[in-house]
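One structure is given here, and the rest of the page talks about it.
These numbers come from the heavy atoms of this one structure, side chains and all, not from hydrogens, waters or symmetry mates. All values reported here derive from a predicted model rather than from experimental measurement.
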Amino acid sequence: MSLGTPDGRTAERAPLDALAALEDGGEFARRHIGPGPEDIAAMLQVVGVPSLEALAARTVPAAIAGADLSALPPPATEAEAIAELRALSERNRRVKSLIGLGYHNTHVPPVILRNVLENPGWYTAYTPYQAEIAQGRLEALVNFQTLVADLTGLPVANASLLDEATAAAEAVALAHAAHKAKGRILLAAADLHPQTLAVVRTRAEPVGIEVVVAPPAEIAARAKADKPFAVLLQYPGTTGEVRDLAPEIAAAHDAGGLAIVAADPLALCLLTPPGEMGADVVVGSTQRFGVPLGYGGPHAAYMAVKDGLKRLLPGRLVGVSVDAAGSPAMRLALQTREQHIRREKATSNICTAQVLLAVMASMYAVWHGPDGLRRIAGRVALQARLLAGAARRGGFALRHDAVFDTIAIEAGERAGSLVEAALAQGFNLRREGGLVCLALDETVTRAELATLAALLGGGALDGIAPEGGIPASLLRQSGFCAAEVFNSHHSEHAMLRYLKRLEDKDVALNRSMIPLGSCTMKLNATAEMIPITFPGFAEIHPFAPADQAEGYLEMIRRLQSWLCAVTGFAAVSVQPNAGSQGEYAGLLAIRAWHRARGETERDVCLIPASAHGTNPASAVMAGMKVVVVGCDREGNVDLADLRAKAEQHSARLAALMITYPSTHGVFEEEIRGICELVHAHGGQVYMDGANMNAQVGLTSPAAIGADVCHLNLHKTFCIPHGGGGPGIGPIGVAAHLAPHLPNHPLLAEAGPATGYGPVAAAPFGSASILPISYAYIRMMGAEGLRRATAVAILSANYVARRLEGHFPVLYRGQRGMVAHECILDCRGFQQGGGVLVEDIAKRLQDYGYHAPTMSWPVPGTLMVEPTESEPKEELDRFCDAMIAIRAEIRAVEQGRADRADNPLKNAPHTAAEVMAADWSHPYSREQAAFPLPFVRGHKFWPPVKRVDNVHGDRNLVCTCAPLEDYAQQMQLQAAE
């Protein structure tokens, strides 16, 4: 294994060899990896090892060292990779899909495309845990929540979910948790989108929920007979029918259950909101609000609930609170709901959102405003009525008269020829036997509408009388999007400036390092991002015929083979659209394997106490019982406890979930023995791939003995975090588990025929961002990937060595090395000077940095992961900031600084505070705002002071109104 760089000597080589050397494809790797050769040499000297090879040998246990990446192609240049992906995108046939099923063509407003989707200020930010430096994203998410709450007619909406199908499944879990009698029957309407019903079935079976499907006309009677804990309805139905849901919702309530409605948000601009009909939970997808089809994702789903259900709401919820100065400030609310706190008691494993896509959808609403949304919806509805009239004139019967955007034609024996004729004219229609459906959207032009009308035998468009449509009784009477933000930014200049104002309130990777342990905030190179907006990738419907998606399928096959090489596994599924969903999918594969062998009793999952909170939550969702295994003082799995519990549960042992390197940032020496022990008791080993950035090219999940792992493509493989999403969590499995990967009922190419069903709405999950990881691997090549891993480990050890004299480093391996991250112990500062780890995190904002992972996996600590893409200069600036903060702590400890009034307790400091006429603190304004010389060069001013989380949870406000209204309300509360 070589981790070096080419020597560059070409003079004595043959001319073609010299040319090949000068065209070296390793150029991208050298640009991706931040430290240059001289920097690496200096860092190695600080760490005390002679080379990257020696570093890897001291860090990775010899028993698992080595990985065969020979199957990877040689590295390509940026230009070559972009050209390759462009060619693949052009192999996809751009047929206009009027398939519907919850996916629609849409126009992405250029001002949003360029300034959000293509802007690293938005796409490289992290989940807004540090609220003070995420106010822009948080405001955009409050806009999203307001949009959803207004459209659905319910008071509380979350900050987005993964897709409509999984949102429906999450709603089912919420309803079951809320049901006092814990009934087992879910009653689902037969006109649900088929992929939604399939995902709900996948999620229901492991936890013993019975899904009963009934025609809409029979829902009320079946609810009375079956007493379901919830009724799940579609609005409009999958074949386009618009009907009054109030009787079905009332029947659900009469039976003691909740009513869940999956609703099209554009339709809700014209239809009576489900909340006004009595619905308890409303879910859906905001894809058609300016987010490309992208062969299925990523898209922002939504969920809105009645007020009494808000503490069961899965995912993120943004609320408005106050900062230390009494000014309004936003932050993530009600965090005690989360799986990281509730663990095996959690009702959901969702630990993220689709923030970037939710921002796009919310900005689509800001751009168009309520009048614009009504206009778009009205035009789509009129198109459907015109084609309904054309179909009738052409001699076709329609299944439904009351429709919004979809007409269902009873074509009988003419169905096949109708679909073929439409395809010949450039349209995909949806066919189910003799039924043909056309779903209209905002991109359909008048010329295209005329072509469709002629296809249906309706003659000239101008001679057609519209038919059907929305019944007057179901037309929306209530307003929506009345908040000022939706009525203020309708010129491009105003919109551009609004987006810039929000962006400037946030810290993202385009501003400074985000050193989050276990989150791997690394470079998302521009060359990797360019292909996602190629029309051939962006405009493909997820249920388009496979022969129209050859480029996608080829790209996915290649990427799967490369991920197999990286993991050492036999097969990979890219369907899971988040790391948490990858966990779940992997556990379902293990469960299916046991059942295929007749070992249905195996349901115990061993999980170390240090594991991500999603691990136990996913295990419970997969129908398993969690047994916690302790950790020793070094942060490793307690082998004695593991042996005892594996023996105790041997007959029922299904799996062990383990993170490697460990959550404590160490390569455990006994990992092979741990896996062998679990196998000896009949279990399988699930490896959480969150820390895969320390493995690639140096070892692999297969090498340690794992059977399945998920890969966070938004961590190791460069898909950006997007402010808290999107993510992708594909799973790799050993050969014996390959038949048990997820599949999909609407596309055979998505998985094995023996698979257990889908875990996402689209066959390949968030397919449109897979080109990012494809480009990363393609440009890095095997040696580039190995070197990146080694430099990531070097960077972590460099930071640990620079800071160990100031902050205790909690865990190291047997040879004194950390893996790709290190944990700094801050617990002693509370006793000595009253300084909390939160004070350090907030003070870092004054230096321009996002804090490392705070108080996890050990309370009172900071977990630092610098990654390979940060230059040495940035690592040094961060270390200098931490050392300066330690000096400030020491001043408090020694009584040279006031214990209550000091830069740490008052952090962060805003520009308004520092420039105010009055300054009463015992330290200087300069120390507050410019604590080190480098800060002056590119100062970031936190827009708010420290946010009061307790106030926000006690006074939950999660929809938008003018901030002046909040300020006035808070003044009144203070006066009382």
Side-chain angles (χ1 to χ4, degrees), residues 56 58-65 340 343 516-520 567 579 583 605-616 619 628-643 645-646 655-678 685-696 698-701 703-706 708-712 715-716 789 792-793 796-797 799-800 808-825 852-853 855-859 861-867:
R58 282 185 56 176
T59 306
V60 181
I64 62 168
H340 282 293
R343 300 179 69 81
L516 284 150
S518 193
C519 290
T520 318
T567 59
E583 292 177 12
C605 187
L606 303 178
I607 301 180
S610 63
H612 291 83
T614 53
N615 285 184
V628 178
V629 177
C631 294
D632 63 22
R633 295 180 61 183
E634 302 303 318
N636 300 314
V637 171
D638 186 325
L639 295 178
D641 192 38
L642 176 64
R643 290 191 192 97
K645 286 172 178 170
L656 165 74
M657 297 187 80
I658 191 164
T659 302
Y660 199 75
S662 75
T663 307
H664 295 109
V666 174
F667 281 95
E668 297 190 44
E669 296 285 335
E670 301 300 326
I671 187 63
R672 273 266 184 88
I674 288 171
C675 295
E676 290 168 0
L677 173 65
V678 173
V685 176
Y686 176 94
M687 195 202 89
D688 185 314
N691 295 341
M692 192 70 191
N693 210 46
Q695 283 198 43
V696 178
L698 303 184
T699 184
S700 70
I704 74 170
V708 55
C709 80
H710 85 267
L711 301 170
N712 296 95
K715 296 182 181 181
T716 305
T789 305
I793 293 172
N797 280 279
V799 169
V809 176
L810 273 188
Y811 303 107
R812 297 183 189 270
Q814 285 189 2
R815 290 171 292 279
M817 311 300 289
V818 299
H820 61 307
E821 60 194 9
C822 60
I823 297 179
L824 308 178
D825 192 354
T853 303
S855 289
W856 187 84
V858 180
T861 64
L862 293 171
M863 183 160 63
V864 183
E865 181 179 0
T867 84

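Taking both residues in full, the closest heavy atoms of Thr567 and Pro701 are given as O-CD, 3.4 Å, listed atom of the first, atom of the second, then distance. Among all heavy-atom pairs drawn from Gln695 and Thr789, the shortest one is N-CG2, 3.8 Å. The two residues Ala800 and Val809 have their closest heavy-atom pair at O-CG2, 3.9 Å. Of all non-hydrogen atoms in Val818 and Cys822, the two that sit nearest each other are CG1-CB, 4.1 Å. Pairing each heavy atom of Ala703 with each of Arg672, the nearest pair is O-NE, 2.6 Å. Here the closest non-hydrogen pair linking Met687 and Ala706 is CB-CB, 3.9 Å.
Rounded to the nearest 0.5 Å, atoms CD1 (Ile793) and OG1 (Thr867) are 12.5 Å apart. Leu639 CG to Asp632 CG: the interatomic distance, rounded to the nearest 0.5 Å, is 7.5 Å. One finds the CG atom of Asn636 at 8.5 Å from the CD atom of Glu670 (value rounded to the nearest 0.5 Å). Here CE of Met692 is found 13.0 Å from OG1 of Thr659. Values are rounded to the nearest 0.5 Å. Between Leu606 atom CG and Leu677 atom CG the span is 9.0 Å, to the nearest 0.5 Å. Rounding to the nearest 0.5 Å places OG1 of Thr716 at 8.0 Å from NE2 of His820.
Using bins of under 30°, 30° to 60° and over 60° for the plane-to-plane angle, the ring pair Tyr811/His664 lands in the tilted bin.
Not one N or O on the side chain of Asn712 forms a donor-acceptor pair closer than 3.5 Å with the backbone of Lys715.
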Could you check Glu634 against Val666 for side-chain contact (heavy atoms from CB on, under 4.5 Å), going step by step and ending with a plain yes or no?
CA-CA 9 Å; Glu634 302 303 318; Val666 174; over 6 Å; no
Kindly indicate, with the supporting measurements, whether the criterion side-chain contact (heavy atoms from CB on, under 4.5 Å) is fulfilled by Arg815 and Glu669.
CA-CA 10 Å; Arg815 290 171 292 279; Glu669 296 285 335; 3.0 Å; yes
Just do the side-chain contact (heavy atoms from CB on, under 4.5 Å) check on Tyr660 and Val685 with the steps written out, would you?
CA-CA 12 Å; Tyr660 199 75; Val685 176; over 6 Å; no
Working for side-chain contact (heavy atoms from CB on, under 4.5 Å), residues Asn691 and Glu821
CA-CA 9 Å; Asn691 295 341; Glu821 60 194 9; 3.7 Å; yes
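By the 4.5 Å heavy-atom criterion applied to side chains, Cys605 and Tyr686 are not counted as neighbours. Here the side chains of Pro661 and Val60 are not in contact, with every heavy-atom distance at 4.5 Å or above. Within the 4.5 Å cutoff, no side-chain heavy atoms of Met657 are placed close to those of Asp688.
When each of Thr699, Val637, Ile704 is checked for a side chain to side chain contact (heavy atoms under 4.5 Å, CB included) with Ile671, only Ile704 meets the rule.
Under the 3.5 Å distance criterion, with hydrogens and angles disregarded, a donor-acceptor pair is assigned to the side chains of Thr520 and Glu865.
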